[in-house]
Participant: 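Got a structure for you, questions after.
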Amino acid sequence: MSTPENEYIKVRKDKAEELRKEGMNPFINGISPTTTTAVIHEKYDAEDAASLEKDASKHSIAGRVMAIRSFGKAAFLQIRDRAGNLQVFVQKQRVGDEQFKLFKKLDVGDIGLFEGEMFRTKTGELTLNAATLTLVTKAYRPLPEKWHGLTDVETRYRQRYVDLIVNDDVKKTFVARSQIIQAIRSFMVERSFLEVETPMMHPIPGGAAAKPFTTHHNKLDMDLYLRIAPELYLKRLVVGGLERVFEINRNFRNEGISIQHNPEFTMLEFYQSYATFDDLMTLTEEMFSDVAKKVVGSLKVPYQNDEIDFSAPFKRYTMHDSLVEIGKVDPEVLTSRENALKYAKSLGDELKSKDEGLGAIITEIFELKVEEKLIQPTFITHYPTEVSPLSRRNDDNPEVVDRFELFIYGREIANGFSELNDPEDQAGRFKAQVDALYRGDEEAMHFDEDYINALEHGMPPTAGEGIGIDRLVMLLTDSPSIRDVILFPQLKKVNS
RNA sequence: GGGCCGCUAGCUCAGUCGGCAGAGCAACGCCCUUUUAAGGCGUGGGUCGAAGGUUCGAACCCUUCGCGGCUCACCA
């Protein structure tokens with residue numbers, strides 16, 4: 001999407017052309033600023049006007065011109081680089097006629113190099129008194145208006161580069177996102193997890209209940225699926241002796257787009273041998289506390305009009321208890337398929353298929369009655385086996401599995417379980433999924449024979465977990481939409 | 001996919017009952033050597049999302065389409 005050539009662009013191109021005629025290149029290369037705005041502030045913020053006057057040392061900064069306040073023979077410029085902002089003073093008397101002529105051709109949005117000494121203005125602002133200035137890069141397009149900035153969300157997402165230039169909070173959010181991922185990576189590596197990369201293109205979609213994207217390899221003449229989860233590959237690695245592995249990367253699901261769903265999203269998935277789902281709940285508490293402390297600086301994180309408390313331990317309920325205690329569901333409802341179905345229908349729930357068992361119906365009731373009430377971090381444990389085809393059955397009750405999901409602000413943030421490593425049980429579960437697939441459940445899993453083959457070689461008892469990184473970033477950056485934490489969120493195509 | 005709302009100058013937005021297309025910022029010209037959304041005087045800038053319809057006359061009413069937001073459904 002490119003707005004058409006207009007008066008603004010013409011004026012700026014003409015200025016660039018005039019400079020070229022005078023032998024100047026409006027797109028120079030190889031400049032070397034000696035410092036950044038942040039270093040200057042760190043060094044001089046505490047110094048007063050008198051002490052700055054004694055300091056004649058020169059500094060040069062490069063950055064984008066964000067504002068020009070001009071007085072004819074002098075002007076103040078606001079310069080922004082990667083680290084922050086600094087005011088620059090350009091005075092005709094100081095820079096000379098030639099340089100001042102160049103300054104007159106400078107526009108808001110251009111990138112420049114400014115060299116000079118520091119001083120304080122009448123109003124006390126730390127300012128670089130330019131001795132020389134250089135146009136580094138001419139900007140042909142104007143920046144959005146300085147007061148209201150850029151607010152149109154479509155333009156913000158489609159032209160994220162403009163959004164990043166003018167909306168400082170946007171930059172902060174993506175810096176925080178990077179820090180969160182760095183903190184998680186360090187956390188995992190410190191615990192002897194090995195970072196791996198597994199295929200993005202799968203011959204059989206697996207590891208989650210979701211509709212995949214399909215693609216095609218021409219030379220192999222073979223349909224492939226963009227992965228919906230790396231799970232089955234990571235567990236193959238555990239069979240291979242990589243006892244602790246993790247992957248932070250994209251999953252793709254061909255489903256709806258919403259305030260918390262993007263077709264491609266980032267997951268941390270990890271597997272730890274000789275651990276149980278119980279161990280992973282503890283690990284998750286440690287990880288979230290660690291990341292919140294490092295990135296936000298506190299365990300209490302403001303989110304929208306609430307405050308999320310990441311202090312361990314998080315609350316824990318079995319799914320059954322959460323339904324009764326939080327959802328105020330009569331326990332009788334949960335004892336038979338007939339009762340559950342009747343109750344679910346009274347809530348307006350439409351079954352995905354007629355063959356849904358008690359477990360699936362209970363899970364749907366949970367989603368309707370409990371999920372949105374889980375504001376503070378809460379683990380829900382012991383999901384029905386029916387909805388958990390890759391999880392280990394509970395030793396005391398085979399109808400439920402040793403699994404948890406972590407909910408924060410009513411959203412599912414993490415999903416972990418003790419892995420099913422009995423190849424015969426796993427084959428039976430795949431079979432049930434394939435039956436559901438034939439009945440029309442597009443999200444059901446396929447039968448992965450090689451995965452069974454892997455399990456038949458013996459997978460040590462292992463627990464695994466997936467954490468939705470985008471949603472975690474939303475919580476830690478107080479972002480209301482997943483689109484605020486993905487640099488280039490999926491949008492409809494532009495028809496011109 | 002359903003419902004609701006929106007799309008007007010580069011940006012942010014007004015536009016009354018259907019009657020000449022507006023403001024601020026930005027741009028351009030002039031003045032101005034300590035500003036913080038600098039200030040003053042002046043000038044230019046529009047496919048009113050697109051197409052069709054109603055009407056003497058449409059940014060405004062109707063239809064269809066496109067794009068976006070919110071929301072419901074689905075999902076993590």
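Chain A is the first sequence line, chain B the second, and so forth, proteins listed ahead of strands; every chain is numbered from 1.
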Participant: With heavy atoms under 4.0 Å as the rule, sort A:Gly256 into base, sugar-phosphate or nothing.
Facilitator: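 The answer is base, as A:Gly256 lies within the cut-off (heavy atoms under 4.0 Å) of a base atom.
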Participant: Under 4.0 Å, heavy atoms only, any strand: does A:Ser70 hit a base, just the sugar-phosphate, or nothing?
Facilitator: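 The residue A:Ser70 makes base contact.
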Participant: Classify A:Phe100 by what it touches in the nucleic acid, base, sugar-phosphate, or nothing, heavy-atom distance under 4.0 Å.
Facilitator: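 Answer is nothing: A:Phe100 stays at 4.0 Å or more from every strand.
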Participant: Under a 3.5 Å cut-off for both contacts, is B:C4 paired Watson-Crick or G-U wobble with anything, and if yes, with which nucleotide?
Facilitator: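 Paired with B:G69.
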Participant: With a 4.0 Å cut-off on heavy atoms, is A:Asn251 in touch with a base, just the backbone sugar-phosphate, or nothing at all?
Facilitator: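 A:Asn251: no heavy atom of the nucleic acid under 4.0 Å.
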Participant: Are A:Phe407 and A:Phe366, when compared by the centres of their aromatic rings, separated by less than 6.0 Å?
Facilitator: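 Under 6.0 Å, so yes.
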Participant: Answer yes or no: does a side-chain N or O of A:Lys15 lie under 4.0 Å from OP1 or OP2 of B:C28?
Facilitator: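 It does, given that an N or O in the side chain of A:Lys15 lies less than 4.0 Å from OP1 or OP2 of B:C28.
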Participant: Heavy-atom count around A:Lys101 NZ within 6.0 Å, excluding the residue itself: above 12?
Facilitator: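 Atom NZ in A:Lys101 is not packed in, count stays at 12 or less.
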Participant: Counting only Watson-Crick pairs (N1-N3 plus N6-O4 or O6-N4) and G-U wobbles (N1-O2, O6-N3), all under 3.5 Å, who is the partner of B:G57?
Facilitator: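 Paired with no nucleotide.
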Participant: Determine, answering yes or no, if A:Phe71 is stacked on B:C32 under the 5.5 Å centre rule and the 30° plane rule.
Facilitator: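 Not stacked: fails the 5.5 Å / 30° test.
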Participant: For A:Arg411, answer base if it contacts any base atom (sugar-phosphate contacts may also be present), sugar-phosphate if it contacts only those atoms, and nothing otherwise; contact means non-hydrogen atoms under 4.0 Å.
Facilitator: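 Nothing, no heavy atom under 4.0 Å.
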Participant: For a quick check of understanding: with a heavy-atom distance under 4.0 Å over all strands, which category does A:Gly466 fall into, base, sugar-phosphate or nothing?
Facilitator: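 Contact class for A:Gly466: none.
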Participant: How far does the C1' atom of B:C61 sit from the matching atom of B:C56, given to the nearest Å?
Facilitator: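 It works out to 16 Å between them.
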Participant: Classify A:Glu405 by what it touches in the nucleic acid, base, sugar-phosphate, or nothing, heavy-atom distance under 4.0 Å.
Facilitator: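 Here A:Glu405 touches no strand at all.
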Participant: Let me spell it out: for each of A:Lys104 and A:Asp152, pick the nucleotide of RNA chain B with the closest heavy atom. Which residue's pick is nearer the 5' end?
Facilitator: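 Going by which nucleotide is closer to the 5' end, it is A:Asp152.
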Participant: Looking across every strand, which nucleic acid part, if any, lies under 4.0 Å from A:Asn129 by heavy atom: base, sugar-phosphate, or nothing?
Facilitator: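 No contact.
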Participant: Which residues satisfy the side chain to side chain donor-acceptor pair (under 3.5 Å) test with A:Glu419, sequence neighbours excluded?
Facilitator: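 For A:Glu419 the side chain to side chain donor-acceptor pair (under 3.5 Å) partners, ignoring immediate neighbours, are A:Lys235.
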Participant: So what does A:Lys146 hit on the nucleic acid, given a heavy-atom distance under 4.0 Å: a base, only sugar-phosphate, or nothing?
Facilitator: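 Sugar-phosphate, no base atom in range.
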Participant: Taking B:A76 as the reference, what is the distance to B:A26 when you measure between their C1' atoms (whole Å, please)?
Facilitator: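 Their C1' atoms lie roughly 43 Å apart.
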Participant: For B:C28, give the paired nucleotide (Watson-Crick: N1-N3 plus N6-O4 or O6-N4; G-U: N1-O2 and O6-N3; both under 3.5 Å), or none.
Facilitator: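 Result: B:G42.
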Participant: Once you round to the nearest 0.5 Å, how far does CG of A:Leu406 lie from OG1 of A:Thr378?
Facilitator: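 Answer rounded to 0.5 Å: 7.5 Å.
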Participant: Tell me whether the ring of A:Phe265 lies stacked over the B:A76 base, given a 5.5 Å limit on centroids and a 30° limit on the plane angle.
Facilitator: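 So yes, this residue stacks on that base, both cut-offs being met.
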Participant: Verify whether the ring centers belonging to A:Phe277 and A:His382 lie closer than 6.0 Å.
Facilitator: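 Centroid distance A:Phe277-A:His382: below 6.0 Å, so yes.
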Participant: Go ahead and name the base partner of B:U63; Watson-Crick or wobble counts if both distances stay under 3.5 Å, otherwise write none.
Facilitator: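 Looking at the geometry, B:U63 pairs with B:A51.
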Participant: Please measure how far the C1' atom in B:G19 lies from the corresponding atom in B:U71, and state the result in whole Å.
Facilitator: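 Roughly 39 Å separates the two C1' atoms.
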Participant: I'd like the C1' distance from B:G66 over to B:A27, given in whole Å.
Facilitator: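 Taking atom C1' in both B:A27 and B:G66, they lie 31 Å apart.
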Participant: For the P atoms, the ones on B:U54 and on B:A58, what distance do you get once it is rounded to whole angstrom?
Facilitator: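 Going atom to atom, P in each nucleotide, I get 11 Å.
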Participant: Both distances under 3.5 Å, Watson-Crick or G-U wobble: report the partner of B:A23, or none.
Facilitator: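 Pair assignment: B:A23 / B:U12.
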Participant: Rounding to the closest angstrom, what is the interatomic distance between B:C60 and B:A9 at atom P?
Facilitator: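 Straight-line distance between the two P atoms is 15 Å.
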Participant: Could you pick out which residue, A:Tyr157 or A:Lys122, lies toward the 5' side of RNA chain B when each is mapped onto its nearest nucleotide?
Facilitator: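 Closer to the 5' end of RNA chain B: A:Lys122.
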Participant: Classify A:Gln91 by what it touches in the nucleic acid, base, sugar-phosphate, or nothing, heavy-atom distance under 4.0 Å.
Facilitator: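 Contact class for A:Gln91: base.
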Participant: Across the strands shown, which category fits A:Ala209 at heavy-atom distances under 4.0 angstrom: base, sugar-phosphate, nothing?
Facilitator: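 Contact class for A:Ala209: sugar-phosphate only.
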Participant: Between A:Phe430 and A:His446, does the ring centre distance come in under 6.0 Å?
Facilitator: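 Between A:Phe430 and A:His446, the centre distance exceeds or equals 6.0 Å.
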